[in-house]
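Single-structure report; data block below.
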Amino acid sequence: MRVYIFLCLMCWVRSENKRPCLEFSQLSVKDSFRDLFIPRIETILMMYTRNNLNCAEPLFEHNNSLNVNFDTQKKTVWLIHGYRPVGSIPSWLQNFLRILLNEEDMNVIVVDWNRGATTFIYSRAVKNTRKVAASLSGHIKNLLKHGASLDNFHFIGVSLGAHISGFVGKIFHGQLGRITGLDPAGPRFSRKPPYSRLDYTDAKFVDVIHSDSNGIEFIKCDHQRAVHLFMASLETNCNFISFPCQSYKDYKNSLCVDCGSFKDKSCPWLGYQAKLFKDVLKERMEERSFKTTVFLDTSGTYPFCTYYFVLSIIVLDKTMTDGSFSFKLLNQLGMIEEPRLYKKNKPFYKLQEVKILAQFYNDFVNISSIGLTYFQSSNLQCSTCTYKIQSLMLKSLTYPERPPLCRYNIELKEREEVFLNPNTCTPKKT
């Protein structure tokens with residue numbers, strides 16, 4: 001009997017020592033109505049590490065000491081949500097946490113400003129972003145006193161959270177390590193000067209994913225697509241390659257497929273791994289004095305990945321200056337797939353070489369043949385004519401480490417598909 005009582009007392013002591021987990025503010029439409037008459041704002045910092053993945057803890061204790069699980073030498077990701085008109089918990093939050101901590105041993109701080117974001121008055125939530133940023137700056141200064149580094153801070157802000165991140169960055173004069181803006185909110189921010197919104201000068205590296213036109217449709221679900229794209233960049237093996245370009249139209253016309261300016265790297269990747277291109281993007285910005293805008297297309301469902309190839313063709317026949325190509329790929333299993341986006345390139349306009357950007361929903365690794373068709377302009381059609389191509393090269397842009405495939409000295413007839421068996425390209429002699 002005494003042993004039984006002793007064991008019960010031990011269990012009671014242990015349960016008393018274990019503090020409850022912090023919970024994200026669970027609000028509702030009632031709170032949005034209440035905010036119409038009694039506005040409130042509160043910022044709660046919920047800290048997660050691999051030691052407490054399923055149980056959020058306060059970043060600072062009651063005596064203002066730092067939580068023992070926080071490691072000042074590790075990277076710290078600050079995850080900031082956006083406008084919550086009905087007070088619901090972000091559906092992506094827990095999955096985002098799991099993916100981040102699975103990727104890297106880091107500190108993750110969820111910034112819960114639901115009381116301040118839950119309102120029917122959007123302009124009020126916009127004004128609250130400045131207040132949240134000011135509150136965060138005080139906590140950051142405290143972290144710096146404990147030995148943390150601004151360079152190790154990566155802010156990931158969604159919608160209004162992106163602008164909160166920018167305002168924090170301004171307070172610290174652009175010395176934050178990185179800010180990622182996921183569909184930064186447009187209303188009340190578009191066309192505003194840099195000091196009134198997220199700007200590329202707010203951190204040492206700023207990357208933004210726009211997957212929504214914003215405007216009047218900003219509440220709809222596609223406004224969160226950027227969040228899921230970013231998570232997919234961590235959770236899958238796909239390289240979400242993107243193409244620096246002046247406009248989406250130029251990108252679709254295959255005018256921006258040259259990734260050679262990125263030296264030993266491919267064109268930039270979207271998402272978490274964009275950090276790998278920080279230095280080369282910074283060099284480009286210094287040379288051109290403006291930020292880099294890149295484009296890509298995704299599939300419509302998770303994991304949203306597509307695969308890019310570029311087909312480079314050097315022609316010999318002068319009569320081909322007003323023609324175009326289409327092509328398809330065949331793998332060793334007999335599967336055939338046509339590009340989903342770019343079946344024909346623009347006319348040559350006296351160019352000797354033409355590059356065709358092609359996007360596939362499935363990756364082709366073991367390519368057995370390339371189906372190529374040439375289309376002459378309507379004014380110069382000739383069913384008996386043959387057209388000479390000096391060389392053809394197919395290269396994966398999504399996986400640039402793969403050796404390109406080539407075929408040389410090709411003859412084509414108009415609108416007659418030819419299947420060519422390519423080989424690994426022969427290195428150029430120097």
Side-chain angles (χ1 to χ4, degrees), residues 233 236-245 251 254-271 273-274 276-277 279-281 294-299 303 305-316 325-345 351-374 388-412 417-430:
S233 74
T236 69
N237 293 323
C238 180
N239 298 337
F240 285 87
I241 188 171
S242 58
F243 301 90
C245 212
Y251 153 73
S254 302
L255 297 180
C256 307
V257 298
D258 185 10
C259 297
S261 61
F262 286 87
K263 300 177 182 178
D264 58 335
K265 297 182 183 293
S266 173
C267 280
W269 296 350
L270 167 146
Q273 300 303 337
L276 300 175
F277 300 84
D279 293 337
V280 67
L281 287 170
V294 299
F295 298 90
L296 78 159
D297 290 291
T298 66
S299 65
C305 191
T306 60
Y307 304 86
Y308 283 99
F309 290 82
V310 61
L311 184 69
S312 301
I313 299 173
I314 297 180
V315 301
L316 292 174
F325 291 99
S326 71
F327 79 99
K328 61 183 66 170
L329 300 182
L330 177 70
N331 69 12
Q332 293 179 349
L333 299 177
M335 294 177 58
I336 296 179
E337 185 168 349
E338 297 185 12
R340 302 293 183 180
L341 200 59
Y342 316 101
K343 292 188 178 180
K344 299 179 183 178
N345 63 285
L351 289 175
Q352 185 185 16
E353 181 180 16
V354 64
K355 293 184 178 181
I356 308 171
L357 180 63
Q359 181 193 44
F360 295 85
Y361 284 164
N362 296 300
D363 187 21
F364 272 69
V365 181
N366 300 312
I367 298 171
S368 61
S369 62
I370 301 170
L372 186 67
T373 309
Y374 175 69
K388 295 181 180 180
I389 294 176
Q390 176 179 310
S391 65
L392 172 153
M393 182 175 72
L394 180 72
K395 181 171 179 59
S396 170
L397 296 177
T398 303
Y399 300 105
E401 67 276 8
R402 295 177 185 171
L405 301 176
C406 286
R407 183 68 186 263
Y408 305 95
N409 302 320
I410 304 164
E411 286 193 355
L412 298 175
E417 185 175 39
V418 175
F419 281 89
L420 307 167
N421 300 320
N423 297 307
T424 302
C425 297
T426 303
K428 292 182 180 180
K429 295 181 179 181
T430 57

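Side chains are part of it too, since the values below use all heavy atoms of this structure and drop only hydrogens, waters and symmetry mates.
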Exercise. Hey, would you say the F243 and Y308 ring centroids sit under 6.0 Å apart?
Worked result: yes

Exercise. Who passes side-chain contact (heavy atoms from CB on, under 4.5 Å) against S312, sequence neighbours left out?
Worked result: V310, E353, K355, M393

For this session: Measure the shortest side-chain to side-chain distance between I389 and L412 over non-hydrogen atoms and say whether it is less than 4.5 angstrom.
Result: yes

For this session: List in chain and number order the residues that pass salt bridge (Lys or Arg N to Asp or Glu O under 4.0 Å) with K328, two or more places apart in sequence or in another chain; answer none if no residue qualifies.
Result: E338, E417

Exercise. Is there a donor-acceptor contact under 3.5 Å from the side chain of N331 to the main chain of F364?
Worked result: no

Problem set entry | Sequence-distant partners of L330, side-chain contact (heavy atoms from CB on, under 4.5 Å), two or more places apart | I336, S368, S369

For this session: Would you indicate whether the side-chain heavy atoms of L394 and F327 approach each other to under 4.5 Å?
Result: yes

For this session: Kindly write out the residues that satisfy side-chain contact (heavy atoms from CB on, under 4.5 Å) with T298, not counting sequence neighbours, or none if the list is empty.
Result: L229, L296, F304

Exercise. What residues, two or more places apart in sequence or in another chain, satisfy side-chain contact (heavy atoms from CB on, under 4.5 Å) together with S391?
Worked result: I314, Y408

For this session: Taking ring pair (Phe, Tyr, Trp, His ring centres under 6.0 Å) as the test, write out the residues that go with F240, two or more places apart.
Result: none

Exercise. Residues two or more places apart in sequence or in another chain: which of them pass salt bridge (Lys or Arg N to Asp or Glu O under 4.0 Å) with D363?
Worked result: R402

Exercise. Would you say the side chain of L392 lies within less than 4.5 Å of the side chain of L311, judging by non-hydrogen atoms?
Worked result: yes

